[in-house]
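What follows is a set of notes on a single structure, which appears directly below.
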4 protein chains.
Amino acid sequence: MTSPRPLRADAARNRARIMTAAHEQITEHGPGVSMEQIAAASGVAVGTLYKHFPNKTDLVAAVVAAAFTAVAEDAEASLQRADQGSPAITEFTGFLTRLMDVAAHNHAVKAAARDLHADHDAHPAMREVEARAAEALTRLVRAAQEQRGLRADFTVDDVYLLFSTFPADQPPAARERWLALVFTGLTAS
Amino acid sequence: MTSPRPLRADAARNRARIMTAAHEQITEHGPGVSMEQIAAASGVAVGTLYKHFPNKTDLVAAVVAAAFTAVAEDAEASLQRADQGSPAITEFTGFLTRLMDVAAHNHAVKAAARDLHADHDAHPAMREVEARAAEALTRLVRAAQEQRGLRADFTVDDVYLLFSTFPADQPPAARERWLALVFTGLTAS
Amino acid sequence: MTSPRPLRADAARNRARIMTAAHEQITEHGPGVSMEQIAAASGVAVGTLYKHFPNKTDLVAAVVAAAFTAVAEDAEASLQRADQGSPAITEFTGFLTRLMDVAAHNHAVKAAARDLHADHDAHPAMREVEARAAEALTRLVRAAQEQRGLRADFTVDDVYLLFSTFPADQPPAARERWLALVFTGLTAS
Amino acid sequence: MTSPRPLRADAARNRARIMTAAHEQITEHGPGVSMEQIAAASGVAVGTLYKHFPNKTDLVAAVVAAAFTAVAEDAEASLQRADQGSPAITEFTGFLTRLMDVAAHNHAVKAAARDLHADHDAHPAMREVEARAAEALTRLVRAAQEQRGLRADFTVDDVYLLFSTFPADQPPAARERWLALVFTGLTAS
DNA sequence: CATGAATGAGCGTTCATTCAT
DNA sequence: AATGAATGAACGCTCATTCAT
């Protein structure tokens with residue numbers, strides 16, 4: 001569905017190398033890295049980048065989407081555990097904490113995501129992964145509210161809001177302090 | 001020490017025009033505006049920009065610092081009102097709210113400040129204005145805590161943390177929601 | 001000699017599809033269309049284009065030559081009608097008018113032909129179709145001259161000259177005006 | 001009027017060198033020459049080209065316009081001679097002949113002009129020089145018609161039409177033949 | 001002091017062509 | 001014979017910065 005044709009083996013390998021290299025380069029040098037540099041780090045020529053991704057924005061979006069896939073999967077696993085009896089609020093705060101960890105370890109990728117802001121839905125892979133996460137989180141949030149652990153007016157959009165404002169580029173102490181401050185306001189009154 | 005020579009009248013006028021124009025241009029077009037464009041908006045030539053500011057970063061830092069001066073003054077005024085009997089917590093949340101308003105109306109400048117991140121202390125004007133604000137805020141925070149309105153572990157650094165993560169570039173509804181979530185966690189337990 | 005091997009059935013089919021697609025793409029997007037796009041429109045891969053035509057120039061030349069085949073056939077039909085009693089001058093001006101029509105409807109192909117200018121004889125197919133047209137036109141011109149309708153010094157080269165300067169890319173009114181101006185000078189004195 | 005400020009001496013010199021080099025390079029390699037190559041031939045860096053001309057199209061248009069200035073002046077001189085008693089038809093055909101000569105010696109520039117086709121009025125310098133030529137030619141055409149030398153329905157637009165279709169890139173013999181054919185149709189009936 | 005012309009490395013992107021599969 | 005991934009030089013253009021005037 002995502003791939004009309006299954007992509008030749010060598011092309012798939014190159015695509016993976018490009019994504020990996022792009023992730024590394026963005027992490028190391030920020031979303032401003034040049035395509036040329038990503039190409040060099042991938043061990044391919046620029047043209048190959050453009051063969052796989054129509055333009056730089058699309059490549060960056062693919063990197064961001066890939067990074068978010070793990071998050072979506074984490075959300076789904078958390079929901080499943082909650083469905084199987086684990087306290088929903090525990091699962092939810094656990095998910096949030098891990099989400100912030102991911103953000104902290106990928107803060108340049110997060111910055112890239114922010115640069116995409118306006119059209120973050122214009123990228124298919126992004127839309128898909130967001131939908132997955134939203135689906136799981138909606139249910140996890142609801143469960144946590146029903147168990148009286150999470151404030152009643154909390155929504156999935158709030159997760160995005162908190163995530164998007166998490167100080168991923170600051171030192172661990174600051175990140176933890178921020179979480180502490182914010183978490184205080186999340187519990188049910 | 002900060003000013004080896006008191007600056008000739010016309011030079012001072014030029015400097016002011018540059019700062020004003022730079023603020024406007026950054027606000028309108030983001031921190032990426034070219035020096036050429038700022039120069040044009042200032043009514044001077046690029047060379048003059050470089051006469052006043054060794055490089056673009058320094059100019060942007062000066063603009064950011066200037067924008068923060070109003071904030072420092074607001075902090076001082078709030079403190080003064082608290083000293084004269086106004087409830088410290090009211091003054092503090094009032095200050096915070098106005099701070100977020102300023103951020104929202106200058107979010108491109110705030111973005112510029114963020115781009116400076118690493119060395120935001122490397123710029124003298126920045127250090128100075130931060131010191132003024134910190135001085136006033138420290139006392140305001142302490143007062144609010146003594147009056148049992150603000151959580152006991154709150155510090156001035158937390159103000160920076162909250163300010164730096166405020167979603168200034170998002171629509172009003174999101175900004176207000178963020179404030180609501182965060183403020184919940186600030187009151188004394 | 002022109003065809004060392006008679007070309008396998010599927011290869012012949014592919015070649016035809018490529019030529020058709022190339023004609024369409026050139027007509028629609030000009031001679032600058034990329035080989036990739038022509039390949040896509042042909043339903044084959046680029047490699048196949050290069051299998052049939054050593055390089056882009058050769059493909060474009062083949063398209064141009066093919067387009068000229070209809071012209072050569074028109075010339076031959078006109079000559080035949082003249083041989084069978086139709087006034088030669090009528091046939092000749094009729095041919096010229098249709099030639100200009102063809103040019104107008106294929107002006108991007110004509111532009112492609114012009115880009116080839118220098119070596120328009122370097123391409124076998126081109127030489128062949130030109131020879132066919134020249135053969136018929138020489139006799140048609142002679143007949144028209146003998147019947148005193150066409151100026152005595154007119155030659156087949158003049159046909160090329162007029163054709164190559166016909167303003168095919170201009171609006172109909174301009175094309176008609178050009179024809180009117182030029183035709184005035186063609187009748188026998 | 002064309003120049004709000006009279007341009008510094010060194011800048012004017014560079015501008016002239018750029019125009020000269022651009023003319024030469026276009027003449028030698030066609031309108032497709034790269035800006036880099038024109039810059040090298042000018043003895044300046046690319047940035048300087050862009051300082052003087054916002055983009056390649058504008059530079060090419062300036063070269064074309066400059067080349068046409070001589071034509072406009074020729075038209076004006078021809079008109080003046082006609083006003084002073086020289087037969088208008090002689091002046092007109094003389095002008096046309098010289099125009100074709102210029103085109104022949106600058107055929108790559110003429111090709112460049114053709115590439116500009118759609119927006120050849122979008123370039124101020126072009127508009128101005130066209131207006132000058134049109135003014136003089138309108139009167140010269142009228143005079144030639146009143147003296148019964150030029151066909152009565154001839155217009156200035158016809159001059160453009162003939163000029164734009166003149167086979168400037170063909171050998172002298174072809175060019176002369178074309179002129180001969182076309183001129184036959186211009187005399188008054 | 002101010003000017004603004006000049007620099008030139010760098011960027012994103014395109015595309016004819018090659019060659020391993 | 002066909003595929004299509006990969007190449008990489010080339011292009012138009014930008015912009016922080018320098019320095020002769």
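Values in this document were obtained by computation on a predicted structure and should not be read as measured data.
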ask   = P atom, dC1(E) versus dT21(F): distance in rounded Å?
value =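 My reading of the P atoms in dC1(E) and dT21(F) gives 22 Å.
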inquiry  = Students often get this wrong, so: under 4.0 angstrom with heavy atoms, is V44(C) touching a base, only sugar-phosphate, or nothing?
reply    =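 Counting heavy atoms under 4.0 Å across all strands, the contact made by V44(C) is with sugar-phosphate only.
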query = Base, sugar-phosphate, or nothing: which does K56(C) touch, judged by heavy atoms less than 4.0 Å apart?
reply =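 Result for K56(C) = sugar-phosphate.
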Phosphate oxygens OP1/OP2 of [N]: is one of them under 4.0 Å from a side-chain N or O of [X]?
| X | N | result |
| --- | --- | --- |
| S34(D) | dC11(F) | yes |
| N14(C) | dA2(F) | yes |
| T48(B) | dT3(E) | yes |
| H52(B) | dC1(E) | no |

query = Among dC13(F), dT13(E), dA5(F), which nucleotide sits nearest the side chain of A11(A)?
reply =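 Of all the options, the side chain of A11(A) is nearest to dA5(F).
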ask   = What's the closest nucleotide to the V46(C) side chain, out of dA5(E), dG4(F), dA16(F)?
value =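 Output: dG4(F).
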ask   = Taking for each residue the nucleotide of DNA chain F with the nearest heavy atom, is it A45(C) or N55(B) whose nucleotide lies nearer the 5' end?
value =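 That would be A45(C).
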query = For DNA chain F, whose closest nucleotide is more 5', that of T57(B) or that of G43(A)?
reply =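 Its nearest nucleotide being more 5', the pick is G43(A).
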ask   = Hey, which of these two, I18(D) or V33(A), hits DNA chain E nearer its 5' end, going by closest nucleotide?
value =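 Comparing both residues, the 5'-ward one is I18(D).
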